[in-house]
There are 2 protein chains.
Amino acid sequence: MSARGRKADPAVGERIRQAAATLVLTHGLDFTMDDVAAAAGVGRASVFRRYGSKRDMLLEAIAGFMDAHVAVPDTGSLAGDLHVVVTDTLALWRLPGIARLAKQVYGEAGRDPAVAEIVRTGMRTRMERSWVVYERAIERGELSPDADLWLLTDLFTGFVAYRGLLDLPLPEPEEVVRALLQGFTSP
Amino acid sequence: MSARGRKADPAVGERIRQAAATLVLTHGLDFTMDDVAAAAGVGRASVFRRYGSKRDMLLEAIAGFMDAHVAVPDTGSLAGDLHVVVTDTLALWRLPGIARLAKQVYGEAGRDPAVAEIVRTGMRTRMERSWVVYERAIERGELSPDADLWLLTDLFTGFVAYRGLLDLPLPEPEEVVRALLQGFTSP
DNA sequence: CAGTATCAGATACTTGGAGTATCACAATGT
DNA sequence: ACATTGTGATACTCCAAGTATCTGATACTG
């Protein structure tokens with residue numbers, strides 16, 4: 001029951017992965033499996049040997065993209081830290097390649113539960129990496145210990161995703177931070 | 001140059017529209033044009049005579065769905081009014097049919113700029129219908145006259161869309177209203 | 001080494017749905 | 001009467017995903 005026969009060439013797999021990632025970035029999801037094989041300089045059959053379907057391939061590619069950097073600032077105040085996080089996120093969405101990718105992925109999440117699952121856990125993981133920001137804020141007394149941190153982060157994330165998805169203009173970071181921290185009622 | 005020949009049967013067009021709307025609600029976008037013709041009890045050719053493509057048909061159907069009711073409460077306080085709006089929206093998303101539809105539509109918006117345009121203007125129109133709520137709040141001094149109302153509404157709308165799209169649990173209305181009005185900083 | 005299982009690449013096939021073309025027939029204008 | 005256009009039915013083209021098969025390459029097993 002050991003592995004007989006020719007071994008799968010790791011280089012082939014790697015080139016397919018690269019090609020898939022590149023194509024997703026440049027063409028969204030609108031490319032054929034022949035495109036992938038051609039871009040990877042590989043036989044079409046080899047692609048389907050790694051991935052049972054185009055969807056499987058996309059799932060892996062998308063999951064790969066969820067592993068980007070997350071800022072974990074420490075400016076000394078919640079407002080300052082939040083400003084950094086917000087600024088970073090807005091900057092990401094202003095990059096055309098990222099914006100297109102994000103739109104496509106959120107789009108796919110709307111119709112494919114598996115994609116939704118990937119995005120959901122991916123975003124949760126990303127957010128938890130910057131969790132320390134809020135813990136420090138709680139220690140400083142800027143946030144209530146029983147504040148709903150998921151609500152805080154999702155309000156912001158959802159807002160940006162919504163505006164980005166619909167091609168609505170993104171605001172300045174200061175405005176967002178103020179809204180999140182002070183709310184809208186006149187002081 | 002006058003209209004010769006047989007006239008287009010308005011009943012046929014109407015049945016196609018109905019069938020399309022029903023199918024979108026029950027099956028998202030995953031149905032064939034034959035399904036539409038069958039559901040409408042109509043020839044397949046007649047469907048393509050009205051709509052040059054499935055996409056065109058969907059565009060019209062989606063635009064139709066954007067014309068749903070909007071609550072315009074007048075409880076006497078911004079918190080009260082906002083509570084009604086938030087509760088209504090959350091209730092909509094808790095209906096399985098609406099949630100599926102909304103996910104599909106937001107999803108399609110991510111890949112088809114025409115759909116994004118429809119959703120964008122549709123949502124803007126919906127929101128403007130309840131604008132009076134915020135005007136009253138400004139008159140009462142609950143909102144600053146130069147508050148960014150689009151930021152306020154989009155924070156909420158985007159949040160709900162984000163949670164809905166990713167199948168994350170929706171919170172209680174009270175929590176959302178408090179976050180929007182008071183913000184997250186400890187009093 | 002011989003045998004054989006498996007991968008790589010190429011190519012042809014199957015399948016499903018969108019969009020097109022054509023038919024006979026019905027309805028409405030000139 | 002006749003031309004023109006809608007209607008339903010049917011058959012076709014086109015495209016991309018997925019499947020099947022073939023030849024040759026590679027690596028394990030005895």
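Order of the sequence lines sets the chain letters (A, B, ...), proteins ahead of strands, with each chain counted from 1. Not measured: the values here are computed from a predicted model.
Applying side-chain contact (heavy atoms from CB on, under 4.5 Å) to L58(A) and the options V105(A), V24(A), I118(A) leaves one that passes, V24(A). When each of M127(A), M123(A), E128(A) is paired with T153(A), the side-chain contact (heavy atoms from CB on, under 4.5 Å) condition holds for M127(A) and for no other.
Between the base of dC28(D) and the side chain of R4(A) there is no donor-acceptor pair shorter than 3.5 Å. Donor-acceptor pairing under 3.5 Å, judged by distance alone, is present between the side chain of R49(A) and the base of dA8(C).
Between R124(A) and T121(A), the side chains place no donor N or O within less than 3.5 Å of an acceptor N or O (distance only, hydrogens not considered).
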Below 3.5 Å between N/O atoms, which protein atoms pair up with nucleotides 16-18 of chain C? Just atom names and distances, please.
residue : atom : partner : partner atom : Å
dA18(C) : OP1  : F31(B)  : O            : 3.4
dA18(C) : OP1  : K54(B)  : NZ           : 3.1
dA18(C) : OP2  : M33(B)  : N            : 3.1

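D148(A) has no carboxylate O lying under 4.0 Å from a charged side-chain N of R178(B), or vice versa, which leaves the two without a salt bridge. A salt bridge links K103(A) and D167(A); the closest N-O separation between the charged side-chain nitrogens and carboxylate oxygens is under 4.0 Å.
Across all strands shown, A8(B) has heavy atoms under 4.0 Å from sugar-phosphate atoms exclusively, and none from any base. Among the atoms of the strands shown, only primed sugar atoms or phosphate atoms (P, OP1, OP2) are found under 4.0 Å from some heavy atom of R50(A).
In this structure, G52(B) and R6(B) both approach DNA chain C, and ranking their closest nucleotides by distance from the 5' end singles out G52(B). Nearer to the 5' terminus of DNA chain D, by closest-nucleotide assignment, is the contact made by G5(B) (compared with the other of G13(B) and G5(B)).
The interatomic distance linking D9(B) (CG) with dT7(D) (C1') rounds to 9 Å, in whole Å. Nucleotide dT20(C) holds its P atom 16 Å from the OH atom of Y51(B), rounded to whole Å.
Atom CZ of R140(B) and atom CG of D81(B) lie 6.0 Å apart (nearest 0.5 Å).
Listed pair R15(B) / dG8(D) fails the phosphate criterion, with no side-chain N or O lying under 4.0 Å from OP1 or OP2. Contact between the side-chain N/O atoms of K7(A) and the OP1/OP2 oxygens of dT6(C) is not found at any separation under 4.0 Å.
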